[in-house]
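Reading through the structure tokens given below for one structure.
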Protein chains: 2
Amino acid sequence: MERYPIFAVTADLVVLTIRDDRLCALVVRRGEAPFQGEWALPGGFVRPDEDLDRAAARELEEETGLAVGTVHLEQLRSYGAPARDPRQRVVTVAYLALAPDLPTPKAGTDAADARWVPVERARSLAFDHDAILADGVERARAKLEYTPLATAFCAEEFTVAELRRVYELVWGAELDPRNFHRKVTGAANLLVPTGSTTTRDGGRPAQLFRRGTATTLHPPMPRTA
Amino acid sequence: MERYPIFAVTADLVVLTIRDDRLCALVVRRGEAPFQGEWALPGGFVRPDEDLDRAAARELEEETGLAVGTVHLEQLRSYGAPARDPRQRVVTVAYLALAPDLPTPKAGTDAADARWVPVERARSLAFDHDAILADGVERARAKLEYTPLATAFCAEEFTVAELRRVYELVWGAELDPRNFHRKVTGAANLLVPTGSTTTRDGGRPAQLFRRGTATTLHPPMPRTA
DNA sequence: ACAAAAGTGTTGGTTTTACACCCATGG
DNA sequence: CCATGGGTGTAAAACCAACACTTTTGT
């Protein structure tokens, strides 16, 4: 029986939300070495009997207090450069989480502090977390085009304008409100009308919708910029 | 200092090519326990000082003899269910490799045998490799739509018809040769004409092309089926 | 000359874009 | 009544599927 090289495996999280009209990522201040006191992505070691997805969900809950049910969570990719962790060989399986606007998270067990930071201002994170964050943002941007993922940034019930705002903020580009409306209301199974309306955005009352069952967006949302 | 759970990490490969007008995957017969004698995806343990990408490239070369330069290699995703390997906790980072038609591979160090199998006939692989293979094929199908990835299945120089054949075989759908031709020759930086022609497909000589520098396909190739 | 495959032109229908315009509310 | 945003109509432009047709080879 040969001996297998020994690794530790962590699950790290790129948690994105929209706050104050900005695309923000969740960062925590590390309470332990290495990189103690520096900002990093939330995450932690996968336990011996735990599935990767489950570990990511647990970390999300521990470090943010977010109920996992309301959050979209998907695997992003893995990172395993030999020297990415100074302690020992660590492979991290990064996950991408998208959440509606939520209360400011409280510090968890391993984190001295936790906060939302606009993605363009999240720099110099610990380990290789700058690159992981960039990959996560890039994935989110790409998936808005051809999936209903933008709805993950919205509350349970939302208006077409709120959904459009998600696109505009994530992409950093303006979209025509009229054509956007036609497009998303025309896409099969994307939106389910609740029947009620709201005036929370001002002006004429807007219909409220819930996410539909669509898993892809046909035709895709054209990204002009 | 806390103790970190111990994992082994492997790099497994979904290697796809087109042979005899079929989309084929590379499978190896395992020479060692567990699952000795059964078919599995090629792969092996990541070494203590080796990057994940490098491990995948090394395994590809070891188990197939393919020169890595001619092969497209990208990370697929990671799999880490607690019981996926009966020996101990193993997380595998799966990679997707796309290669032009190549000589039948020879068995490597860990593999008693190696061969190309049409993807629809690759079933009952060891570990969770059925699922990994399915994910790899799905990824390849999806990426043909909006990336120049189909060219990875072609030789260095190829004709438009050969490229079209890739789409037809991977998607299992027929495409109009005329419109396909216009589309791919019109896409910016997708194809670079070599200036020479070939009659290897019969009929009127066809121009030969090399891959261009494009990283995405605008507009995407419409998948009708 | 004929078959076979490459490649171009054309046409009619769909989709997209840009914007005019009306609708329903709060102040 | 006015400002504000929600939502519909519409014409010009762009795009695309389908297929007739021409080109260039091998036999």
Side-chain angles (χ1 to χ4, degrees), chain A residues 21 144-146 150-151 154-155 157-169 171 173-188 190-210 214 216-225, chain B residues 21 144-146 150-151 154-155 157-169 171 173-188 190-210 212 216-225:
Chain A
D21 266 9
L144 288 204
E145 276 187 73
Y146 56 96
T151 59
C154 297
E157 300 194 348
F158 55 91
T159 68
V160 170
E162 286 160 3
L163 185 61
R164 174 168 48 85
R165 202 85 194 97
V166 170
Y167 278 91
E168 293 182 333
L169 292 171
W171 283 352
E174 302 246 307
L175 299 174
D176 184 294
R178 289 80 55 100
N179 294 335
F180 183 87
H181 184 280
R182 225 190 318 256
K183 187 141 212 159
V184 296
T185 54
L190 177 62
L191 302 178
V192 202
T194 65
S196 49
T197 62
T198 181
T199 58
R200 63 188 176 215
D201 301 327
R204 167 175 166 181
Q207 287 186 70
L208 283 168
F209 295 90
R210 257 186 258 278
T216 55
L217 199 53
H218 278 303
M221 188 67 57
R223 172 151 47 157
T224 5
Chain B
D21 266 11
L144 290 204
E145 276 187 72
Y146 56 94
T151 59
C154 297
E157 301 196 347
F158 54 91
T159 67
V160 171
E162 287 160 3
L163 185 61
R164 176 168 47 84
R165 202 86 194 99
V166 170
Y167 277 91
E168 293 182 332
L169 292 171
W171 282 353
E174 302 245 309
L175 298 174
D176 184 295
R178 288 82 55 106
N179 293 335
F180 182 87
H181 184 279
R182 222 188 322 254
K183 188 139 211 161
V184 296
T185 52
L190 177 62
L191 302 179
V192 201
T194 64
S196 49
T197 60
T198 181
T199 57
R200 64 189 176 214
D201 301 327
R204 168 175 168 180
Q207 285 186 71
L208 283 167
F209 295 90
R210 257 185 259 277
T216 55
L217 199 53
H218 277 303
M221 188 65 60
R223 171 146 56 152
T224 6

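Chain letters run A, B, ... following the sequence lines, proteins first and then strands; every chain starts at 1.
What separates CG of Leu163(B) from P of dA5(C) is a distance of 18 Å, to the nearest Å. The nearest whole Å value for the distance from the CZ atom in Phe180(B) to the C1' atom in dT8(C) is 17 Å. The separation between Leu208(B) atom CG and dA6(C) atom P is 12 Å, rounded to whole Å. Taking atom CG of residue Leu175(A) and atom P of nucleotide dA18(C), one finds them 11 Å apart after rounding to whole Å. Arg165(B) has its CZ atom 15 Å from the C1' atom of dA4(C), to the nearest Å. If you measure from atom CG of Asp176(A) to atom P of dG5(D), you get 15 Å, rounded to the nearest angstrom. Atom-to-atom, CG of Leu191(A) to P of dG7(D) comes out at 11 Å; the value is rounded to the nearest Å. Between the CZ atom of Arg164(A) and the P atom of dG7(D) there is a distance of 10 Å, given to the nearest Å.
In this structure a side-chain-to-backbone donor-acceptor pair under 3.5 Å is missing from Tyr167(A) to Ala150(A).
At the heavy-atom level, Asp201(B) lies under 4.0 Å from the strands shown only through sugar-phosphate atoms. Residue contacts for Arg200(A): at a heavy-atom cut-off of 4.0 Å it reaches no nucleic acid atom on any strand shown.
Contact record, Ala214(A) with Ala188(A): CB-O, 3.5 Å, taken as the closest heavy-atom pair. Among all heavy-atom pairs drawn from Asp21(B) and Leu169(B), the shortest one is O-CD2, 3.2 Å.
At dA6(C), none of the side-chain N or O atoms of Gln207(B) fall inside 4.0 Å of OP1 or OP2 (strictly under the cut-off). For dA6(C), neither phosphate oxygen OP1 nor OP2 lies less than 4.0 angstrom from any side-chain nitrogen or oxygen of His181(B).
Ion pair Arg165(B)/Glu168(B) flagged as a salt bridge, since at least one NZ, NE, NH1 or NH2 atom sits closer than 4.0 Å to an Asp/Glu carboxylate oxygen.
Rounding to the nearest 0.5 angstrom, the gap separating the CZ atom in Phe158(A) from the OG1 atom in Thr194(A) is 10.0 Å. Going from atom CZ of Arg182(B) over to atom CG of Asp176(B) covers 8.0 Å, rounded to the nearest 0.5 Å.
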**Message:** At under 4.0 Å between heavy atoms, how does the protein contact nucleotides 21-27 of chain C? Give one character per nucleotide, 5' to 3', with B, S or -.
**Reply:** B-BBB--
Below 3.5 Å between N/O atoms, which protein atoms pair up with nucleotides 11-17 of chain D? Just atom names and distances, please.
none

**Message:** Quick one, Thr151(A) with Phe209(A), criterion side chain to side chain contact (heavy atoms under 4.5 Å, CB included). Give me CA distance, side-chain angles, the key distance, then yes/no.
**Reply:** CA-CA 10 Å; Thr151(A) 59; Phe209(A) 295 90; over 6 Å; no
**Item:** side chain to side chain contact (heavy atoms under 4.5 Å, CB included) between Met221(B) and Trp171(B), intermediate numbers included
**Value:** CA-CA 11 Å; Met221(B) 188 65 60; Trp171(B) 282 353; 3.9 Å; yes
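Contact annotation: the side chain of Arg200(B) approaches that of Leu208(B) to within less than 4.5 Å [non-hydrogen atoms, C-beta and beyond].
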